[in-house]
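Numbered from 1 within each chain, the chains take letters A, B, ... in sequence-line order. The figures that follow rest on heavy atoms only: side chains count, while hydrogens, waters and symmetry mates do not.
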There are 2 protein chains.
Amino acid sequence: MDKSGYRILLVDDEEDILEILSFNLDREGYQVFTATNGQEALEVAARQQPHLILLDVMMPEMDGMETCGELRKLPGMEKTIIVFLTARGEDYSQIAGFDAGADDYLVKPVKMKVLLKRVEVLLRRREQVPKKSPGAADRSSGSIVLDRDRYLVIRKGEKLAFPRKEFELLALLLSWPGKVFSREEIFDKVWGNEVIVGDRTLDVHIRKIREKLGPGYIHTVKGVGYKLEEKED
Amino acid sequence: MDKSGYRILLVDDEEDILEILSFNLDREGYQVFTATNGQEALEVAARQQPHLILLDVMMPEMDGMETCGELRKLPGMEKTIIVFLTARGEDYSQIAGFDAGADDYLVKPVKMKVLLKRVEVLLRRREQVPKKSPGAADRSSGSIVLDRDRYLVIRKGEKLAFPRKEFELLALLLSWPGKVFSREEIFDKVWGNEVIVGDRTLDVHIRKIREKLGPGYIHTVKGVGYKLEEKED
DNA sequence: TAAATTTTCATTAATTTTTCCTGAACTGTA
DNA sequence: TACAGTTCAGGAAAAATTAATGAAAATTTA
């Protein structure tokens, strides 16, 4: 990940903390900005348009949550990642529960390694630019996308309704396109290790999925299992 | 298998589960350690250097996948076996996919017997150290590569589908390019010592492989066995 | 209760695995 | 060199395994 393309805003009333965080994030390659209070945070944020904001909850005058609410109102800041920094012992229910609009929160004291990792993960998640690594096992699928909330399978924009078992099965295959999943593995992951169903059951589900997706997606590897692959033969 | 030589780390935020797993694994003879959150897991792992880590995906603060990523970064932990414990219905693409770096995952509820078996198998698998012959070609260096996950044989970038027996046979030969495998050895490794098949069976499989790979790969050493070699005559 | 979903079952189909037979290549020997 | 005795390759096909299919029963859901 090229970190130099990311702007991070740190907001804390303690200069010491700002300095430590700043030092470490800077060393990682991020562009770092700081603010020591809510008001300042809003100004810097508006000007710099950071990708991620680390916000201390406990601050005088305008606290983290209020600042967060204000930040969210700024143009282009609706999707900025806002992470709360909170001291241990503060009321989690208040922090985790409220809808001030934070994306995540960290409990102080935070190990720097953890914080850096979290920042990285959050940025990457928001990045959502699925790159293709040539040659390597590409686990992001091409034309098939799952909508787990609605139990929909979207293939080339077309929405297909899938019943639960079929959906779960497809989801499993899709979780690693190309990988051959053995029957055992499929039963284990889709049905669970409690339930025991006949071998033909799986065949039938595979057939149903094939009927909906059309041919060329699910391939049988006789004696081994099934795999999903879009391009191949 | 002497289980007392293995250290297993259990990570789950639910104490009950930890207790049950701990009890059972302990009874099997493993050395068991526990942690109730990702942070603790990292600390214990760093100190105890476990051989296998059972990691619940759903945990507060730092979830299993994130923890996994962190664990992988610890020194000497690159090859530790990490197994995810996941509830059925969770997004497979999140669990199996992504580069969290898990070796396997189990779906809850897991039968204890299943879990113990899986642990045993995984530990044993990791035990086998692939032997290298000094002068021989490395299996990855040649133009033939096996992709076990996809069950494909890749020869000069070209993907070839191999049926099971042929795949296993080729895998054996490829495990030590240049070495001559005796018929006896091949039958033992590929068919297992219980199954008894005629001598001609092997010839036929070799022929099939030759048909697919083309000549120049598998060489017959009359009266001794077969070997795979890419360069020689 | 009807509709949809999931599972089973009997058959059929396809592929894989194995056997068998013929002949070529090689080995050692008279 | 010619002769038996092995050992393996190649063609063809039987045997066995495994999966696809059609239809229907069982189960769950709406």
Side-chain angles (χ1 to χ4, degrees), chain A residues 150-153 159-173 180-229 233, chain B residues 88-89 151-153 160-173 180-229 233:
Chain A
R150 304 166 204 279
Y151 270 69
L152 283 178
V153 176
K159 290 177 192 162
L160 307 166
F162 269 57
R164 205 169 49 245
K165 274 274 154 19
E166 287 169 40
F167 188 91
E168 297 291 352
L169 176 49
L170 180 59
L172 177 62
L173 295 177
V180 178
F181 290 84
S182 71
R183 280 165 178 269
E184 197 192 342
E185 198 172 354
I186 293 174
F187 283 131
D188 182 48
K189 304 267 153 67
V190 175
W191 274 265
N193 6 47
E194 313 271 311
V195 193
I196 294 175
V197 290
D199 254 340
R200 297 305 114 227
T201 301
L202 178 51
D203 304 7
V204 175
H205 279 100
I206 291 287
R207 175 173 72 204
K208 294 285 179 61
I209 297 178
R210 279 177 173 152
E211 280 168 6
K212 284 170 187 148
L213 289 184
Y217 288 101
I218 294 181
H219 303 262
T220 307
V221 182
K222 220 153 186 172
V224 185
Y226 293 96
K227 68 174 168 179
L228 188 143
E229 214 152 28
D233 76 312
Chain B
R88 185 147 3 119
Y151 226 85
L152 286 176
V153 177
L160 307 167
F162 271 58
R164 208 173 33 179
K165 276 275 162 7
E166 288 168 38
F167 188 91
E168 296 299 341
L169 175 50
L170 180 59
L172 177 62
L173 295 178
V180 178
F181 290 85
S182 71
R183 281 168 174 269
E184 199 188 339
E185 197 174 354
I186 293 174
F187 282 130
D188 192 51
K189 297 264 170 57
V190 177
W191 274 264
N193 17 24
E194 359 72 73
V195 190
I196 295 175
V197 290
D199 251 344
R200 296 308 110 227
T201 300
L202 178 51
D203 305 5
V204 176
H205 279 103
I206 291 287
R207 178 170 82 215
K208 295 280 178 64
I209 297 178
R210 279 176 173 152
E211 280 169 8
K212 282 168 188 148
L213 288 184
Y217 289 102
I218 294 181
H219 303 263
T220 307
V221 182
K222 231 159 181 169
V224 186
Y226 293 96
K227 68 172 171 179
L228 187 141
E229 212 151 31
D233 75 303

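Minimum atom distance to the side chain of Lys208(B) is reached by dT17(C), of the listed dT17(C), dT19(C), dT7(C). The side chain of Arg207(A) has dA23(D) as its nearest neighbour among dG11(D), dA23(D), dT17(C). For Pro163(B), whose side chain is taken as the heavy atoms from C-beta onward, the closest listed nucleotide among dT8(C), dT18(C), dT16(C) is dT16(C).
Listed for the Arg183(B) side chain is no donor-acceptor partner under 3.5 Å among the backbone atoms of Gly225(B). In this structure, the side chain of Arg164(B) does not engage the main chain of Lys222(A) through any donor-acceptor pair within 3.5 Å. Formation of a donor-acceptor pair under 3.5 Å by the His219(B) side chain with backbone atoms of Glu229(B) is found in this model.
Taking the ring centre of Tyr151(B) as origin, the terminal cationic atom of Lys227(A) falls outside the region bounded by 6.0 Å and 45° from the ring axis.
For dT6(C), neither phosphate oxygen OP1 nor OP2 lies less than 4.0 angstrom from any side-chain nitrogen or oxygen of Trp191(A). In this structure, Arg183(A) reaches the dA19(D) phosphate: one of its side-chain N or O atoms is under 4.0 Å from OP1 or OP2. When the side-chain nitrogen and oxygen atoms of Tyr226(B) are compared with OP1 and OP2 of dA9(D), one or more of them lie within a distance under 4.0 Å. In terms of phosphate contacts, Arg210(B) brings no side-chain nitrogen or oxygen within less than 4.0 Å of OP1 or OP2 of dG10(D). For the OP1/OP2 pair of dA20(D) and a distance below 4.0 Å, the side-chain nitrogens and oxygens of Thr220(A) include at least one atom meeting the criterion.
Summarising the geometry, the separation between NZ on Lys227(B) and P on dC8(D) is reported as 15 Å, rounded to the nearest angstrom. In this structure, NZ of Lys165(B) is placed 11 Å from C1' of dA16(D), rounded to the nearest angstrom.
Within the nucleic acid shown, Phe167(B) has no heavy atom closer than 4.0 Å to any nucleic acid atom. Base contact: Lys222(A) has a heavy atom under 4.0 Å from a base atom.
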